[in-house]
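First up is the structure itself, then whatever we jot down about it.
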Amino acid sequence: MDSVLHEHDRLRGWEVAFPRHAAPLDGVLLAGFRDRSAGGLDMRVIPQPIVTVVVELGDGVLAVENMGGSRDLRSLAAGLAPGETRVRADRVDCVEVHMSPVSAYSLLGVPPAELDGRVFGLEELWGRHEPRLREQLTCAVAWDDRFALMHAFLARRQASARLMDPEVVASWERIVSRRGQVRVADLAAACGWSRKRLWSRFTAQVGLTPKRAAMLVRFDRAVRGLAAGRDAVEVAVTCGYADQSHLHRDVLAFAGCTPGALGPGVTPTAEPLPTLTGAARARSPRAS
């Protein structure tokens, strides 16, 4: 598995690596980050429709600040829409994993709903496996080796993992494919459930209501447009907002800032959100 480095990031003092080939796990993306300039990190976390896992290597520490206070973590898992959060570090050398909620349901060991939009130390979720994994990743200097180790670790977890209801998987995939522009009633009709049942099962397994999930997917698309330098009015129209003030309210609710603060220079998810989330492997539908 050969990795590819983004040279423009290296020139800014950051080494950014991605596996050259697609991950063997559906709904999972890996990336590696190394701060070669020792300039440190001070980053506002922008809510995204993914669960993010970060494993910091060596003696590095990630200082996470949010409404719950400040914590120093060597690795973390951030749930969907973690609220206003900042991450700071003196120097960064880490492997980052982006998981769709469907994949996270199987790989984290707890449903994304139990993360409740917060940031957890990964050891709280993976127990004794976390320090062992971090040690192995630290000893593997090459990105290729680090990615292979992470893929193997996640594959072992998936082999014995529980699976999300196929109706919930299908609803999530429909939300993503429609870029958040979908009615909950249509989701329920498509999977053959009542709206109330879909609302309950989806929220319990994904961690957001179907409506909130659709809002987050639409917001994520809007952030990409704003980060690319597009005008807020154009972004509002393209992403299906009623008007610019509607976009402004959503940005304020999710990110705690105005659309102008999410302009060029803000880095959204490194790659498009995974939509191949393994629906075929979900367990058989239950009787509704």
Side-chain angles (χ1 to χ4, degrees), residues 8 27 29 31 42-52 66-67 78-87 98-102 104 112 115-119 168-191 195 198-199 202-203 206-277:
H8 65 283
L29 293 172
D42 186 352
M43 179 181 70
R44 177 205 295 266
V45 177
I46 305 298
Q48 299 170 339
I50 55 174
V51 173
T52 301
N66 53 27
M67 294 182 63
L80 300 171
E84 294 186 43
T85 302
R86 296 198 76 88
V87 178
H98 290 171
M99 304 177 184
S100 74
V102 179
L115 296 181
D116 193 26
R118 292 178 290 168
V119 177
V168 175
V169 174
S171 297
W172 170 257
E173 291 187 333
R174 188 175 179 87
I175 289 171
V176 173
S177 67
R178 299 291 292 273
R179 298 176 175 177
Q181 299 185 57
V182 61
R183 296 171 61 246
V184 177
D186 293 337
L187 293 175
C191 69
R195 177 170 173 160
L198 173 64
W199 194 279
F202 190 99
T203 304
V206 173
L208 299 174
T209 67
K211 181 178 180 179
R212 186 75 171 171
M215 291 173 61
L216 181 58
V217 169
R218 181 176 60 183
F219 166 79
D220 183 63
R221 186 185 181 205
V223 170
R224 295 175 187 278
L226 294 168
R230 291 164 54 197
D231 180 75
V233 174
E234 178 190 356
V235 169
V237 172
T238 302
C239 295
Y241 290 96
D243 49 33
Q244 187 177 353
S245 63
H246 185 194
L247 169 65
H248 188 283
R249 290 194 299 272
D250 257 22
V251 171
L252 187 62
F254 278 115
C257 63
T258 65
L262 300 180
V266 172
T267 303
T269 308
E271 298 285 348
L273 179 71
T275 56
L276 299 176
T277 47

**Fill in**
Correct closest heavy-atom pair for A255 and R44 would be O-NH1, 3.3 Å
**Item:** Side chain to side chain, C257 and V251, heavy atoms closer than 4.5 Å
**Value:** yes
**Item:** Minimum heavy-atom distance L216-P49, with the two atoms named
**Value:** CD2-CA, 3.6 Å
**Message:** For a 4.5 angstrom cut-off between non-hydrogen side-chain atoms, does Y241 reach R249?
**Reply:** no
**Prompt:** In this structure, which one of V87, T85, V45 forms a side chain to side chain contact (heavy atoms under 4.5 Å, CB included) with N66?
**Reply:** T85
**Asked** Considering only heavy atoms from C-beta outward, does the side chain of S171 approach that of L198 to under 4.5 Å?
**Response** yes
**Request:** State whether the number of non-hydrogen atoms from other residues, nucleotides or ligands found under 6.0 Å of R118 atom CZ is greater than 12.
**Result:** yes
**Non-hydrogen side-chain atoms of I50 and T52 separated by less than 4.5 Å** = yes
**Request:** Quick one: pull up CG in L187 and CD in E173 and give me the separation to the nearest 0.5 Å.
**Result:** 12.0 Å
**Asked** So W172 and F202, would you call those rings parallel, tilted or perpendicular, with 30° and 60° as cut-offs?
**Response** tilted
**Message:** Distance check, rounded to the nearest 0.5 Å: H98 atom NE2 versus Q48 atom CD?
**Reply:** 5.5 Å
**Asked** Do you know the tightest heavy-atom contact between I175 and P210?
**Response** CD1-O, 3.8 Å
**Prompt:** With a 4.5 Å limit on heavy-atom distance, are the side chains of T238 and R221 in contact?
**Reply:** yes
**Request:** May I ask you to establish whether R212 and F254 are in a cation-pi arrangement, using a distance under 6.0 Å from NZ or CZ to the six-membered ring centre and at most 45° from the ring axis?
**Result:** yes
**Asked** Does the side chain of P101 reach to within under 4.5 Å of the side chain of L80, using non-hydrogen atoms?
**Response** yes
**Message:** Quick check: do L252 and T258 have side-chain heavy atoms less than 4.5 Å from each other?
**Reply:** no
**Fill in**
Sorted by chain and residue number, the side chain to side chain contact (heavy atoms under 4.5 Å, CB included) partners of V237 (sequence neighbours excluded) come out as none
**Prompt:** Under the side chain to side chain donor-acceptor pair (under 3.5 Å) test, which residues partner D42, sequence neighbours left out?
**Reply:** R86, R88
**Asked** Closest approach of P112 and V51, non-hydrogen atoms and distance?
**Response** CB-CG2, 4.3 Å
**Prompt:** For the atom pair CE (M215) and CG (D250), what is the distance rounded to the nearest 0.5 Å?
**Reply:** 4.0 Å
**Message:** Please find the pair of heavy atoms, one from L226 and one from A232, that lie closest to each other, and give the distance.
**Reply:** CD2-CA, 4.1 Å
**Asked** Is there a side-chain contact between P259 and H248 (heavy atoms, below 4.5 Å)?
**Response** yes
**Prompt:** Closest heavy-atom contact between G180 and V217?
**Reply:** N-CG1, 3.6 Å
